[in-house]
Amino acid sequence: MKGWERQAFSVDAMREMARRVLPRAVFDFADGGAEREWTRDANEDAFRAVSLLPKPLDGAAERDLSTTLFGYRLSMPLMIGPTGLAGMYWPDGELCVARAAKAAGVGAVLSHGSVCTLEAYAAEGLAPRFMQVFVYRDAGFTRELVDRARAAGYHGLVLTIDNQLLGNRERDVRNGFSIPPRPGFALDAATRLRWLWRMRGHLNRITFGNYVRPGEASDIAKIAGRMGEILDPGMSWRDVEAMRRDWDGPFVLKGVLHPDEAERAAALGVDGVVVSNHGGRQLDGAVASLEALPRVVERVGGRIPVLVDGGVRRGVDVLRALALGASAVLVGRPQLWALAVAGEAGVARMLSIYRGELDKAMGLCGVRRIADIDRRILSAGLADEAILPVARAAE
Ligand code: FNR
């Protein structure tokens, strides 16, 4: 085992390693949330409130972590979530993530704001790969991105609904993290020689790859300046319906917290929802994802898979989310920390940490297969009258 791997013994440890290696503004861009960051913090804290009730004698020598999601086999119930500008954390960061995810047998969602183009990412051959999109004022541009995703063989489409108005990320303001960067950023970056050396030859190529028009300059400042104006703040269910009609494969809404929205999505033929508050980067004060999950699961009533993201930092957090009814989780920031630590190898390490921790937690709870995870492994679950008949029938 290499030295960095020994240090990278947990996702939290990788976060600390990333903090040491990245310019503060770059670390904070990923780490931060909106305004007071209460929702960002609440996401992680919510997991503490969900206690497990171990039943180790029911376990087996080996567990099977694999599961099926939207018809695709995953080696564990975890996918890489969409995070913009991953290519700022390691050269060709998104492609590194795609390779590591492919090798580990998990799926991934590519952010609209990737540094690479969606076509370059697709060429890595990862399956299932999902493309994340927004709704733009220019309906033609929305359609264009969806058409490109289809042409590049994306298996699914994720429409993020909680980012039409951009959250106030105050760390970015404080750090002068803007595009183009303010002078303070250059000073900050100049102290992070390892990152600067690694990114040499790449820094000036960082852009929003999917927005660069053929024949136009790939100037990220120009594109970023347009971004706030091109998103459609009037997005509505009509857009959801139109996109549903336009896309044949799995179509998923990300950013759902309200049970009413989840129910309406299911009724409209949406194939899945991601319970998410965008990692606490949008509405500070929004409910923690894990807290919102059970009500969404209850309302959807098994019609479509419910995914969740926000604060999943341990394999045991994956177990908790599944016990509360999620079919799988997405991880956001951890992939950026892992990239900053060791690129593709870092992401591979991160995925193996989640896998190892989930496997152990399942074993200690006496669960052998993903399908067997339910509320009965939760301490509070026993007090929940709704599950008592289920427990009795099974025993
Ligand atoms: C994001 N997220 C995000 N979501 C999305 O739908 N499109 C995007 O382009 C981005 N970009 C993005 C950039 C960065 C730097 C971060 C940290 C996050 C949100 C992301 O998909 C996810 O919802 C949260 O990050 C999940 O929380 P954790 O795992 O980061 O706690």
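Remember, it's 1-based here, ligands and their atoms both numbered in the order they're listed.
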Problem - Check: Leu126 and Val97 side chains under 4.5 Å, non-hydrogen atoms - result: no
Exercise for the section: Output the list of atoms in ligand 1 that are nearer than 4.0 Å to some heavy atom of Ala30, sorted by atom number. Expected result: 15 (C), 17 (C)
Exercise for the section: Check each heavy atom of Gln132 against ligand 1 and say whether those closer than 4.0 Å belong to the side chain, the backbone, both or neither. Expected result: side chain
Practice task
Check each atom of ligand 1 against the heavy atoms of His112 and keep those under 4.0 Å away; list them by number with element.
Solution key: 9 (O)
Problem - Residue and atom name of the nearest protein heavy atom (relative to atom 22 (C) of ligand 1), distance in Å to one decimal - result: Asp309 OD2, 3.2 Å
Handout entry: Electrostatic pair Asp28-Arg24, nearest N-O below 4.0 angstrom
Key = yes
Practice task
Look at atom 27 (O) of ligand 1 and say which protein heavy atom is nearest, naming residue and atom and giving the distance to 0.1 Å.
Solution key: Gly310 CA, 3.3 Å
Practice task
Give yes if a backbone or side-chain nitrogen or oxygen of Ser111 is under 3.5 Å from a nitrogen or oxygen of ligand 1, and no if not.
Solution key: yes
Practice task
Answer with yes or no whether the side chains of Ser75 and Arg355 bring together a donor and an acceptor at under 3.5 Å.
Solution key: yes
Handout entry: For ligand 1, the portion of Gln335 having any non-hydrogen atom under 4.0 Å away
Key = neither
Problem - Any N or O of Gly332 closer than 3.5 Å to N or O of ligand 1 - result: yes
Problem - Atoms of ligand 1 close to Ser276 [distance to a heavy atom under 4.0 angstrom, numbered from 1] - result: 23 (O)
Handout entry: Ring-face cation of Arg194 near Trp197 (centre distance under 6.0 Å, axis angle within 45°)
Key = no
Exercise for the section: Determine whether any heavy atom of Asn43 lies closer than 4.0 Å to an atom of ligand 1. Expected result: no
Handout entry: Closest to atom 21 (O) of ligand 1 among Pro82, Gly81, Gly280 (heavy-atom distance)
Key = Pro82
Exercise for the section: For atom 6 (O) of ligand 1, find the nearest protein heavy atom and state the residue, atom name and distance (0.1 Å precision). Expected result: Thr160 OG1, 2.7 Å
Exercise for the section: Say whether Val329 and Leu378 are linked into one hydrophobic cluster, either directly or through other cluster members, by side-chain heavy-atom distances under 4.5 angstrom. Expected result: yes
Problem - Cationic N near anionic O, under 4.0 Å, Arg369 to Asp372 - result: yes
Handout entry: Nearest-contact summary for atom 30 (O) of ligand 1 - protein heavy atom, Å
Key = Arg333 N, 2.9 Å
Problem - Any N/O pair Val312/ligand 1 closer than 3.5 Å - result: no
Practice task
Mark yes when over 12 heavy atoms from residues, nucleotides or ligands other than Glu298 sit less than 6.0 Å from its CD; otherwise mark no.
Solution key: no
Exercise for the section: Indicate yes or no: does an N/O atom of Tyr89 lie under 3.5 Å from an N/O atom of ligand 1? Expected result: no
Practice task
Spell out, yes or no, whether Val270 and Val274 are grouped together once hydrophobic residues are joined by side-chain heavy atoms under 4.5 Å, including indirect joins.
Solution key: no
Practice task
Under the side-chain contact (heavy atoms from CB on, under 4.5 Å) rule, collect the residues that match up with Thr160, sequence neighbours excluded.
Solution key: Gln132, Phe134, Val158, Asp162, Asn163, Lys254, His278
Practice task
Check whether any side-chain heavy atom of Leu324 lies under 4.5 Å from a side-chain heavy atom of Val297, and answer yes or no.
Solution key: no
Handout entry: Electrostatic pair Asp58-Arg368, nearest N-O below 4.0 angstrom
Key = no
Practice task
Answer side chain, backbone, both or neither: which part of Lys254 comes under 4.0 Å from ligand 1, heavy atoms only.
Solution key: side chain
Completion exercise
The protein heavy atom nearest to atom 15 (C) of ligand 1 is Arg281 NH2, 3.4 Å
Problem - Ligand-side contact atoms (ligand 1) for residue partner Leu336, heavy atom cut-off under 4.0 Å - result: 15 (C)
Problem - Residue, atom name and distance, where the atom is the protein heavy atom closest to atom 11 (N) of ligand 1 - result: Gly84 N, 3.0 Å
Exercise for the section: State whether Asp260 and Arg299 are salt-bridged, where the test is any N-O pair (Lys NZ or Arg NE/NH1/NH2 against Asp/Glu carboxylate O) under 4.0 Å. Expected result: yes
Handout entry: Heavy-atom gap Arg313 to ligand 1 smaller than 4.0 Å
Key = yes
